[in-house]
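To start, the structure under review is shown below, and the notes come after it.
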Amino acid sequence: METLDVSWRGFKCRLKRDHYYPYDTYEKRLNSRPNNVPEDHFKLLLKYWASTPAKKTSLQNAKNRQQQDNMHTCGPVAFAMISDEMFRQDGEVPSKRKLFERTRSRKEGKTYAKPFDDTQTKIHEMRRLEALEADESSECQKDPFDEVMGDGRAVRKRLVGIGVSRKKPQENVAGNSLILPKEVMESIKIAVVADVQKELSAEREEIAKEKEAHAARVAEMERATKEQEMRDDLATQKEPMTLDVIASALAQLRQKDPSLTSEMIAKVIVESATSNSA
């Protein structure tokens, strides 16, 4: 749930970066709405971002971020994925120093908000301590990463991504559940209901088609049975099979069974007349 929460905040951050900051008027921002964001949701976000409380929060968050050192450069890619990739490449679990160096690597020619000097110095110191640790005579037993970075007062464990705390795990802690905006929940609800209704409608149509086909098969069987009964009755006639005799016999049958249609009687008459002439 915490990963989903971070992903949601990251999505809003990119949305604001690409569709809010580049424009200076409400109309231009609204016209830049991406297709994957409903218009009513986007209007709510624009209204919120333009509010005084939101601007104060954004400014404070920007200041707080500027105070952070040794920022990672892997973007939204999880540390666990990078660690797994390194494990597949090297055949062993990467050390903290290797993972720290990989997640702080910089691309040549790209501009970054903060200098790299402090991070680079710490990486060199970690490597030096690793070399000392490899020496059997060295008494250094602490992990080079922990030695350089220190434990500090960080609540989260470093290099393991979000969701892993130094605190003992607790069950049923209130406030840990993710609360999505009411508008988003309502949109999800509407989408789910629409999907369910669509599936039910398709099932009803399929059932109706099956019933219609079954009724047609039953009707065809009943028609064939009645036609055969008329043929059998005509076959028992002792008088010469003239058209008058056939018509009279079928008329009597229709009096007994009013469901016999003119088409069915005409078909039997033609078949009987053809058979007699042959």
State plainly whether one hydrophobic cluster holds both F42 and F11, where clusters connect Ile, Leu, Val, Met, Phe, Trp and Tyr through side-chain heavy atoms under 4.5 angstrom apart.
yes
Surrounding CD of Q89 (heavy atoms of other residues, nucleotides or ligands, distance under 6.0 Å), is the total greater than 12?
yes
For residues M86 and V93: do they belong to one hydrophobic cluster (side chain heavy atoms under 4.5 Å, members Ile, Leu, Val, Met, Phe, Trp, Tyr)?
no
Can a salt bridge be assigned to the pair E101 and R97 using a cut-off of 4.0 Å between side-chain N and carboxylate O?
yes
Please evaluate residues E130 and S95 with respect to the criterion side chain to side chain contact (heavy atoms under 4.5 Å, CB included), reporting the C-alpha separation (whole Å), side-chain torsions for both, the decisive distance (0.1 Å), and the verdict.
CA-CA 10 Å; E130 269 188 356; S95 64; 3.4 Å; yes
Same cluster for L30 and L45 if Ile/Leu/Val/Met/Phe/Trp/Tyr side chains link at under 4.5 Å?
yes
Spacing of L129 atom CG and D143 atom CG [to the nearest 0.5 Å]:
9.5 Å
same_hphob_cluster(V37, L44) at 4.5 Å side-chain heavy-atom cutoff:
no
Is it the case that the side chains of N64 and Q60 hold a donor-acceptor pair, with the cut-off being a distance below 3.5 Å and no angle test?
yes
Decide if atom CE of M81 counts as having more than 12 heavy atoms of other residues, nucleotides or ligands within a radius under 6.0 Å.
no
For I123 and F100, what are the C-alpha separation, side-chain angles and deciding distance, and is it a side chain to side chain contact (heavy atoms under 4.5 Å, CB included)?
CA-CA 8 Å; I123 291 174; F100 177 81; 3.8 Å; yes
Hey, any chance L132 and F145 share a hydrophobic cluster, counting ILVMFWY side chains that come within less than 4.5 Å of each other, even indirectly?
yes
What are the two closest heavy atoms between P34 and L15, and how far apart are they?
CG-CD1, 3.5 Å
Go through M126 and M149 one step at a time and tell me if the side chain to side chain contact (heavy atoms under 4.5 Å, CB included) criterion holds.
CA-CA 9 Å; M126 291 178 198; M149 301 301 293; 3.7 Å; yes
Main-chain N/O of A80 paired with D84 side-chain donor or acceptor, under 3.5 Å:
no
Return the CZ to OG1 distance between F116 and T73, rounded to the nearest 0.5 Å.
7.5 Å
Where do A50 and K55 come nearest, in terms of heavy atoms and distance?
O-CE, 3.4 Å
So which atom in R29 and which in D24 form the shortest heavy-atom distance, rounded to 0.1 Å?
NH2-CA, 4.1 Å
Passes side chain to side chain contact (heavy atoms under 4.5 Å, CB included), K16 versus S58? Steps please.
CA-CA 11 Å; K16 189 175 184 180; S58 178; 3.7 Å; yes
So NZ of K96 and CG of D146: to nearest 0.5 Å the spacing works out to 3.5 Å
Nearest heavy atoms of R104 and N70, plus distance in Å
NE-O, 2.9 Å
Ion pair check, D18 and R14, cut-off under 4.0 Å:
no
Could you tell me whether a side-chain N or O of H19 sits under 3.5 Å from a main-chain N or O of R33, the two making a donor and an acceptor?
no
Rounded at 0.5 Å granularity, tell me how far CZ in R204 sits from CD1 in I207.
8.5 Å
Distance, nearest 0.5 Å, that separates CG of L46 from CD of E27
10.5 Å
Does the side chain of Y26 reach to within under 4.5 Å of the side chain of K43, using non-hydrogen atoms?
yes
Quick test of your reading of the model: are E125 and R128 salt-bridged, counting only N-O distances below 4.0 Å?
yes
When rounded to the nearest 0.5 Å, the distance separating CZ of F79 from CG of L99 is 6.5 Å
